Amino acid sequence: MMGHVLAIDQGTTSTRAIVFDKAGQPGASVARPLNQIFPEPGWVEHDPDEIWRAVCEVCGAVVGEVGAANIVAIGITNQRETTVVWDRATGAPLHNAIVWQDRRTAPLCEELEREGWGAHVTDVTGLLIDPYFSATKLAWLLANVSGLREKAARGEVCFGTIDSFLLFKLTGGQLHTTDATNAARTMLFDIRKGLWDPLLLDRLGIPPDMLPEVRDTLGDFGQTDGEAFGVVLPIRGVAGDQQAAAKGQACVRPSMIKATYGTGCFVVANTGDSKAQSANRMLSTILSQEQGARTFALEGAIFMAGATIQWLRDNLGLIADAADSETLAKDANPDSGVYLVPAFQGLGAPVWDAGARGAILGLSRASTKADIVAAGLESVAFQTRDLLGAMREDMAEAGIGEIDTLRVDGGMTSNSWAMQRLADILGEAVEVAQIPETTALGAAYFAGQAVGVYGDDAELARNWAPARRYEPQMAADEREARYAGWVEAVARVGSSQASVN
Ligand code: ADP
């Protein structure tokens, strides 16, 4: 029973604790849903106290089940970018957390663009100016929460992402820290130097005092103070959710790549010890930091992956639950010619057209709901091919070479029709993770490596095996014809097209 690692996975919609054994197998697991607060259209908040209570509850429950004596370390992974400010003396939040999805700072981002900060942000932080990241959220809080700027100037306020807030609370206010992967998502951190960027802090009026100390991903984050959930345990690993998922998929060498298919899809490719500069608006970020040495990654996202299936279910009522999409897709006419372009929030990589809107094209009298559902699943495969094409260019430019076999995880990977179609459209094999909780596993790996429960990265890579491997089965000419149809469909939903119509 000894030698277990407790992973805390604080996600956007839930908070979970899972205990992993020495072999990396999940055991006790408890989760709590998280309330989403929408004060205005485009605004999304979380209550930090609710998150903190949930962490205490889920950890208390699994520790009760497994026994504190059997747990040697805690690893934390978390929703990234979400921004919290709290009182340094009391630990009390001074506002709701502003969630990564929140768009309230779009005007400030436009201002930064107009002032010409784009090149600096990309060069230094690896990111693009966007409300998504923490920087402008923190600037908004300082400007809009009564008295906050003055209090911050007196050194009485801490800023942090969710990991940082939890570390502060778990250690009874002993530590105001974060890890390098989380710092890399603030749009305030120089990812090459590993330091907060003085120019951005100055422009946004952020007092450096309120920023957390940045530590290694596999690091020493103190210990729980016993108040939290009754036991004192060392915290030895912290990583943002996508970086943790890459670790859980053992993407530990340059050119290894994973895609997580949840609501959206996040693709992360290991680029080794140098920051790759994307020509395709991919993000450069820190994948992990160990003994001060940083490993970098390229990251791209598809806005609508599982969300397209939710839309087919909730808005069109074509399916009763997500799993029905597989049964229907099997009944679809393989030659229906139907394409669904889920540009509900515009188009991402490589087109980048915020004004584009979704469409279903190629309908005939014979088209059925099965054809539309199949087209919805197929759109995820096409978007992945688009994204990987862009990433491949950037990786080649950076001299990293060809990307490895795509490792996939997340809710959609249980759909074998969608995964087979993904392999077919990519013309390459796709491997599904054995442990569905890849993100939590990654957090456990970081912490467990730090205390010697798990071997080094080479050992993690050796032990990784897919639950299932999908080989492409579609003939090359059919694949290219289908993809050409997708490219044409995408061209027809562009915003320039819409304004002509
Ligand atoms: P998140 O962490 O973003 O909430 P999950 O990894 O839990 O996402 O995956 C949930 C998403 O996966 C939902 O958007 C759902 O529509 C989709 N999904 C779940 N099961 C299936 C399935 N069998 N076929 C297609 N999509 C699915």
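Counting starts at 1 for both ligands and their atoms, following the listed order. In this text the structure is predicted, and so the values were computed from the model without any measurement.
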*Of all the non-hydrogen atoms in the protein, which one sits nearest to atom 26 (N) of ligand 1, and at what distance?*
Met412 CG, 3.3 Å

*When rounded to the nearest 0.5 angstrom, what distance separates CG in Leu138 from OG1 in Thr105?*
11.0 Å

*Nearest protein heavy atom with distance in Å, relative to atom 1 (P) of ligand 1*: Thr263 OG1, 3.6 Å

*Who gets closest to atom 19 (C) of ligand 1 by heavy atom: Ser14, Ala418, Gly411, Ala307?*
Gly411

_ligand 1 versus Ser325: contacting region, heavy-atom distance under 4.0 Å_ = side chain

*Report yes if Thr13 has an N/O atom closer than 3.5 Å to an N/O atom of ligand 1; otherwise report no.*
no

_Lys22 side chain to Val453 backbone, donor-acceptor under 3.5 Å_ = no

*Against heavy atoms of Gly262, which atoms of ligand 1 measure under 4.0 Å?*
3 (O), 5 (P), 6 (O), 8 (O), 9 (O), 11 (C)

*Take every heavy atom of Glu326, measure it against each atom of ligand 1, and state whether any distance is under 4.0 Å.*
no

*What protein heavy atom is closest to atom 13 (C) of ligand 1, reported as residue, atom name and distance in Å?*
Gln310 NE2, 3.3 Å

_Quick one about Thr161 and Asn78 (side-chain donor to acceptor, distance below 3.5 Å, no hydrogens or angles considered), yes or no?_
no

*Which protein heavy atom lies closest to atom 18 (N) of ligand 1, and at what distance to 0.1 Å?*
Ala322 CB, 3.8 Å

_If you define the side chain from C-beta out and look only at heavy atoms, does anything of Tyr470 sit under 4.5 Å from Ser416?_
yes

*Specify the protein heavy atom at minimum distance from atom 16 (O) of ligand 1: its residue, its atom name, and the distance to 0.1 Å.*
Gly306 O, 3.1 Å

*Considering only heavy atoms of Ala323, which atoms of ligand 1 have at least one such atom less than 4.0 Å away?*
23 (N)

*Greater than 12 external heavy atoms within 6.0 Å of Arg469's CZ*: yes

_Using a 3.5 Å distance criterion without hydrogens, assess whether the side chain of Asp353 forms a donor-acceptor pair with backbone atoms of Gly494._
no

*Show the numbers, then the answer: is there a salt bridge (charged side-chain N to carboxylate O under 4.0 Å, His left out) between Arg281 and Asp394?*
CA-CA 10 Å; Arg281 295 173 61 86; Asp394 290 336; over 6 Å; no

*cation_pi(Arg407, Trp464) dist<6.0 Å, angle<=45*: yes

_Contacting atoms of ligand 1, where contact means under 4.0 angstrom from a heavy atom of Gly410_ = 6 (O)

*Heavy atoms of the protein only: does one fall short of 4.0 Å from atom 7 (O) of ligand 1?*
no

*Under 4.0 Å from atom 4 (O) of ligand 1, is there any protein heavy atom?*
yes

*Could you check whether the rings of Trp311 and Phe344 sit parallel, tilted or perpendicular, using 30° and 60° as the cut-offs?*
tilted

*Is a salt bridge present between Arg392 and Glu428, judged by a nitrogen-to-oxygen distance below 4.0 Å?*
yes

*Of all the non-hydrogen atoms in the protein, which one sits nearest to atom 24 (N) of ligand 1, and at what distance?*
Asn415 ND2, 3.0 Å

*asked:* I want to know if ligand 1 touches Ile309 in the polar sense, i.e. an N/O pair below 3.5 angstrom.
replied: no

